[in-house]
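Following: one structure in structure tokens, then a few remarks.
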Amino acid sequence: MAKDNDTQMLKGILQGCMLFLLAENELYGYAIGEALSKYGFDEIPKGTIYPLLMTMEKKGLLNSRMKSSPDGPNRKYYSLTAAGVVAKQTFANQWHVLSQSVERLIQEENNES
Amino acid sequence: MKADKIIADNKQQRAKLSTGNKAYYENLTLFMRGHGTLKNDMVLESSLLEILNDLIQAQRNGISAREYYGKTPQAQAQELLAAMPNDIKGFIVFVFGLLFELIGMFTLNDLVLPGSSLDVGRLLLQAAVMVPFPFMILWCVGSAALKATGKLEAVFNGIIYGGIMLALGIVMLLNLVHTSLIVRPADHVVLLVAGSLLIGGLIWISIQRPKLPFIFITIYLMLQLLLAMLYRIPATKNIMTAKLDLGVWTWPLVLLIGMLLVCLVGLFIWKHKK
């Protein structure tokens, strides 16, 4: 159960991060994985990205189109839709509140000890 | 782009993977296809090609497929399948297509001899009973593909072979069933239908060039059509029905021909794999 919650939480965070990455640039699967690794998500198996991309596309947060890549065959590039931009802002707000709350809690715990 | 075109691209691109990475990806593909029979073909195949292209890029950067996609590919693959849309309509169309193909195969079997009658009830029953087996076998093949332990893989392989034997056994047993839905087609009608199917089949083979195991199924069906025709063409009818008595040499000859056929099939498979 705890592991399930961890996975769900991680997926939520990953989804939020992907919204940020795709707001900057149109990217394909491997490039998203590389960008996530650059930001410290290198331990996460990149197989996790594909179901998330599909779910986000299904929810209308992403658009995709086939485009030739600099090195090799055509790739599926993802970009943010208008709904994706709204979802990105919502995630940013939620994360801000959540991180502040958790930070305050940890701070108080540290002060007491 | 059609699913067939994506599958062809996939085969071509797959050659770029190293042996280890290719084995990893092929197991993943088997799992996804085996467990994704309800999913939209285009979406499934596009996703598989997307992953393949990324694995090739990872390999170029010195990252193995396992390192890139993950140590638990089954979990990721299940999640990806869960995210894919179902294609119930496509699945129903496919099931009915399969049902008609099976009815056709069993009908041909019964039509070879002249004056034969078709038990439509039994043919329908045989085909309907057989329909779930390919899906069950495909599911087991997919499940066996990503099992890390030899024991579990062996269990699934056992289920696959057991399933094939069970399916064949059931079909043979159902030959004993007789219903009242009997049709006796006239010989000239059978000749016409068999001739048209044979010509159509030969054109189909030359265009599609079916691969293993479909080539054997196709050859088997073509031979049945040819036999059905030869039995009904007046010029060849007498030769086909002539009594051939070779005395004590009958069985050795049958065995020799059987062994020759097995060797030919073996040689064909060996050459194909090479």
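In this text the structure is predicted, and so the values were computed from the model without any measurement. Chain letters run A, B, ... following the sequence lines, proteins first and then strands; every chain starts at 1.
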Inset, instruction - With sequence neighbours excluded, tell me which residues meet salt bridge (Lys or Arg N to Asp or Glu O under 4.0 Å) with B:E67. - result: none

Legend entry - Side chains of A:R75 and B:Q57 in contact at under 4.5 Å (non-hydrogen atoms): yes

Inset, instruction - Give a yes or no on this: more than 12 heavy atoms of other residues, nucleotides or ligands lie within 6.0 Å of atom CZ of A:F20. - result: yes

Legend entry - Residues of residues 102-110 of chain A within contact distance of chain B, non-hydrogen under 4.5 Å: none

Inset, instruction - Name the region of B:I63, side chain, backbone, both or neither, that has any atom closer than 4.5 Å to a heavy atom of chain A. - result: side chain

Under 3.5 Å, side-chain donor or acceptor atoms of residues 48-64 of chain A against the rest of the protein: list the pairs with distances, not counting sequence neighbours.
residue, atom, partner, partner atom, Å
A:T48, OG1, A:P45, O, 2.6
A:Y50, OH, B:D54, OD2, 2.5
A:Y50, OH, B:Y68, OH, 2.8
A:T55, OG1, A:P51, O, 2.7
A:E57, OE2, A:S64, OG, 2.6
A:K58, NZ, B:A83, O, 2.7

Legend entry - Residue pair B:N53 / A:N74: nearest heavy atoms and the distance that separates them: ND2-O, 3.8 Å

Legend entry - Region of B:A82 that comes under 4.5 Å of a non-hydrogen atom in chain A: backbone

Inset, instruction - Enumerate by number any residue of residues 29-43 of chain A whose heavy atoms lie under 4.5 Å from heavy atoms of chain B; in the absence of such residues, state 'none'. - result: A:G29, A:Y30, A:E34

Legend entry - B:W204 atom CH2: more than 12 heavy-atom contacts under 6.0 Å: yes

